[in-house]
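Read through the structure below, which is laid out as structure tokens, and then see the notes.
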Amino acid sequence: MIKITILTLFPEMFVPLNESILKRAQEAGLVEINLVNFRDYAVSKHKNVDDIPYGGGAGMLLKPEPIFAAIRDLPQVSHHRKLILMSPQGHVFHQKKAEEWSTHQELVFMCGHYEGFDERIRELADEEVSLGDYVLTGGELAAMVMIDAVVRLIPGVLGEEVSAEEDSHSIGLLEYPQYTRPADFEGRKVPEVLLSGHHALIKRWRRKESLRRTFLRRPDLIKDLVFGLEDYSLLEELTLEHEEFARWRTKWQHLSPPPKRQRRSSNRNK
Ligand code: 4G3
């Protein structure tokens, strides 16, 4: 059981987490999602949670007191708790981070609105994380995306048949093209090899197409790829099909099979 606590001024935004797979995960007791409106911890009689910045400037900032009070009031259920601040100034979230978080007992997501947080709020956070290089009206949508990415990795959340380990982003390659029936849709045919029943050839074709897609669409992923011996011939074939792949050749040249050795004759050789 993993406990997820969300600190937000807009708890109603989290309704979508009670649908579909996330709903099932909660009903099965695999995850508990707990919403805290930190306006309930506002100190002033007007329940202010934001104020103008010292030094001037546009916009409002979240005040420290309500967020500190809300965090201090959380039941200390686990020592394995991680506090995460949603902000465009954070490190960009990725699959590896989702995998790491899915091993924690409790995750607390702090969602801000307005123009940002009073700087002293940052000291509460174990991590400051961003969904990507864009600004949202609040951290809620970013938190929901990250929660979805984490919860589906909890064992038992996805059906037995689907394994999250095989997800393309865990292995650093994009997914290969997939097809279902019909084998011929208005003249667009499913690649022959997939109908062949030849498992080794299908595996090779899929690996090649994953590599092709990654090189063509996400060259930024190539630097982290580790190629295996079996990739050498695929990469050489792809280089013939796309001459622009040749610029990455240094990444797989070391995999080239050794040149055929001349049979050693008894009196040659030093
Ligand atoms: C803190 C997160 C919060 C500072 C939050 C704005 C984008 C993301 C906010 C701040 C957010 C993101 C609220 N926008 N990319 N807006 O994860 O400047």
Side-chain angles (χ1 to χ4, degrees), residues 2-17 19 22 31 33-44 46-74 81-104 106-154 167 169-170 218 220-221 224:
I2 168 162
K3 182 173 177 182
I4 294 177
T5 301
I6 303 156
L7 266 62
T8 174
L9 294 171
F10 301 94
E12 331 76 65
M13 284 185 74
F14 292 86
V15 168
L17 298 184
E19 280 293 336
L22 299 183
V31 62
I33 298 177
N34 178 24
L35 289 156
V36 174
N37 186 341
F38 59 86
R39 193 177 294 280
D40 296 343
Y41 294 88
V43 282
S44 72
H46 291 107
K47 297 275 171 197
N48 294 316
V49 290
D50 60 328
D51 206 340
I52 55 175
Y54 275 115
M60 301 289 271
L61 300 175
L62 287 173
K63 295 162 62 62
E65 303 94 317
I67 296 192
F68 272 78
I71 294 213
R72 286 179 180 145
D73 200 36
L74 292 177
R81 179 171 91 176
K82 194 173 266 296
L83 273 90
I84 302 154
L85 189 73
M86 315 309 302
S87 117
Q89 285 89 50
H91 295 290
V92 177
F93 182 72
H94 47 67
Q95 188 68 25
K96 277 270 162 299
K97 190 57 78 184
E99 285 167 20
E100 187 215 312
W101 289 353
S102 72
T103 67
H104 282 73
E106 183 174 8
L107 300 172
V108 180
F109 289 89
M110 298 187 270
C111 306
H113 260 256
Y114 314 110
E115 271 50 62
F117 301 95
D118 178 288
E119 192 60 24
R120 292 162 292 189
I121 292 170
R122 291 202 153 81
E123 76 186 51
L124 293 169
D126 297 303
E127 294 195 41
E128 187 168 337
V129 186
S130 166
L131 191 57
D133 292 336
Y134 36 81
V135 181
L136 305 169
T137 57
E140 285 78 7
L141 287 167
M144 266 188 272
V145 168
M146 296 182 201
I147 289 165
D148 187 280
V150 169
V151 172
R152 65 184 289 287
L153 296 176
I154 300 170
D167 289 345
H169 274 282
S170 322
R218 293 295 304 277
D220 58 303
L221 297 179
D224 299 319

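Atoms within each ligand, like the ligands themselves, are counted from 1 in listed order.
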Quiz item: What atoms of ligand 1 come within less than 4.0 Å of a heavy atom belonging to L131?
Solution: 12 (C), 15 (N), 17 (O)
Quiz prompt | Closest protein heavy atom to atom 1 (C) of ligand 1, given as residue, atom name and distance to 0.1 Å | solution = F117 CE1, 3.1 Å
Self-check item: Under 4.0 Å to a heavy atom of G112 - the qualifying atoms of ligand 1, by number
Solution: 13 (C)
Exercise. Can you sort out which atoms of ligand 1 are near A142, meaning under 4.0 Å from one of its heavy atoms?
Key: 17 (O)
Quiz item: Of all the atoms in ligand 1, which lie at a distance below 4.0 Å from a heavy atom belonging to G116?
Solution: 1 (C), 4 (C), 10 (C)
Exercise. Check ligand 1 against S87 and write out every atom of the ligand that is under 4.0 Å from a heavy-atom position of the residue.
Key: 1 (C), 2 (C)
Quiz item: Among protein heavy atoms, which sits nearest to atom 14 (N) of ligand 1, and what does the distance come to when rounded to 0.1 Å?
Solution: L136 N, 2.9 Å
Quiz item: So which protein heavy atom does atom 18 (O) of ligand 1 come closest to, and at what separation?
Solution: E115 O, 3.3 Å
Exercise. Select one of side chain, backbone, both or neither to describe which atoms of P88 lie under 4.0 Å from any atom of ligand 1, heavy atoms only.
Key: both
Quiz item: Would you find more than 12 non-hydrogen atoms of other residues, nucleotides or ligands less than 6.0 Å from D133 atom CG?
Solution: no
Self-check item: Contacting atoms of ligand 1, where contact means under 4.0 angstrom from a heavy atom of Y134
Solution: 7 (C), 15 (N)
Self-check item: Contacting atoms of ligand 1, where contact means under 4.0 angstrom from a heavy atom of G132
Solution: 15 (N)
Practice problem: I would like to know whether L153 and W101 meet side-chain contact (heavy atoms from CB on, under 4.5 Å); could you show each step before the answer? | Solution: CA-CA 10 Å; L153 296 176; W101 289 353; over 6 Å; no
